[in-house]
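We number each residue from 1, following the sequence as shown.
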Amino acid sequence: MMKIVFATNNQHKLEEIRQILGDKFEVLSLNDIGCHDDIPEDHDTLQENALQKAQFIAEKYGYDCFADDTGLEVDALGGEPGVHSARYAALDGDGSESHDSEANMQKLLRKLGNNNNRKARFRTVIALLESDGNGNKVAKLFEGIVEGRIAHEKSGEEGFGYDPIFVPDGYDQSFAELGADIKNTISHRARAVKKLAEYFK
């Protein structure tokens, strides 16, 4: 079984990735390799952030590794929150914690207000760094996008992040209502991971 590090300690993401990749891979978290560093992600694009995280692990711990960065892009807000999705509310300096999903959703709904243009997409970029056999790590990028719209209010208990307010195209329910089985076949992350899995084959 192939061992690979996924540069995250987000339990939701880990479970999602492990389900999607199946039992051909042993996916290790940062905890599993004893990494408790605060990994920087201070770039302006999802690609650069994902690569930065993967490079940090590859250089410090030597593992083949992949990292992802995901953003929600809302057309009416000029692509916000985008690369700042996880820290959206915290940008206001109002004491909101980074990764405070509830505060992030409330800010997004507040900014959208009654705007009828609810068009949005989730975009995930996965950066993979793997050994080329000559002591170098080679980078590959995989992208997954799912189009949809922002609901006027939250619905559903499953999922995480913005799932309760994101309704994917072709469905009438939010990601949080659709549940993991459906989400893991159509989501942005699922699409990026599928490309990653196909590459591994």
Heavy-atom side-chain contact between [X] and [Y] under 4.5 Å:
X	Y	answer
L128	I4	yes
V167	Q173	no
P168	L178	yes
V146	F166	yes
K3	L28	yes
V74	L112	yes

Salt bridge or not between [X] and [Y]? Use side-chain N to carboxylate O under 4.0 Å.
X	Y	result
K119	E147	yes
R87	D100	no
R18	D32	yes
E130	K137	no
K154	E102	yes
E158	K183	no

Quick one: closest heavy-atom pair of A7 and A67, and the distance?
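Closest approach of A7 to A67, heavy atoms only: CB-CB, 3.8 Å.
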From L77 CG over to L72 CG, what is the distance, rounded to the nearest 0.5 angstrom?
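Spacing of CG (L77) from CG (L72) equals 9.0 Å.
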Rounded distance (nearest 0.5 Å) linking atom CG of D37 with atom CG of L30
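Taking CG in D37 and CG in L30, the distance rounds to 8.5 Å.
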Go through the side-chain N and O atoms of Y88 and E80 and say whether any donor and acceptor fall under 3.5 Å apart.
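Yes - a donor-acceptor pair under 3.5 Å links their side chains.
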Could you give me the CA-CA distance, side-chain angles and deciding distance for F175 and I186, then say whether side-chain contact (heavy atoms from CB on, under 4.5 Å) is met?
CA-CA 10 Å; F175 266 163; I186 64 167; 3.9 Å; yes
Within a 6.0 Å radius of atom CD on E198, are there more than 12 heavy atoms belonging to other residues, nucleotides or ligands?
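Above 12, so yes.
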Is a donor on one side and an acceptor on the other found under 3.5 Å between the side chain of R149 and the backbone of R118?
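A pair under 3.5 Å: no.
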Inter- and intrachain pairs under ring-ring contact (aromatic ring centres under 6.0 Å, His included), touching residues 50-70, at least two apart
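Matches after skipping sequence neighbours: F6-F66.
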Quick one: list whatever passes side-chain contact (heavy atoms from CB on, under 4.5 Å) with D132, sequence neighbours left out.
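Only N134, N136, V138 meet the side-chain contact (heavy atoms from CB on, under 4.5 Å) criterion with D132.
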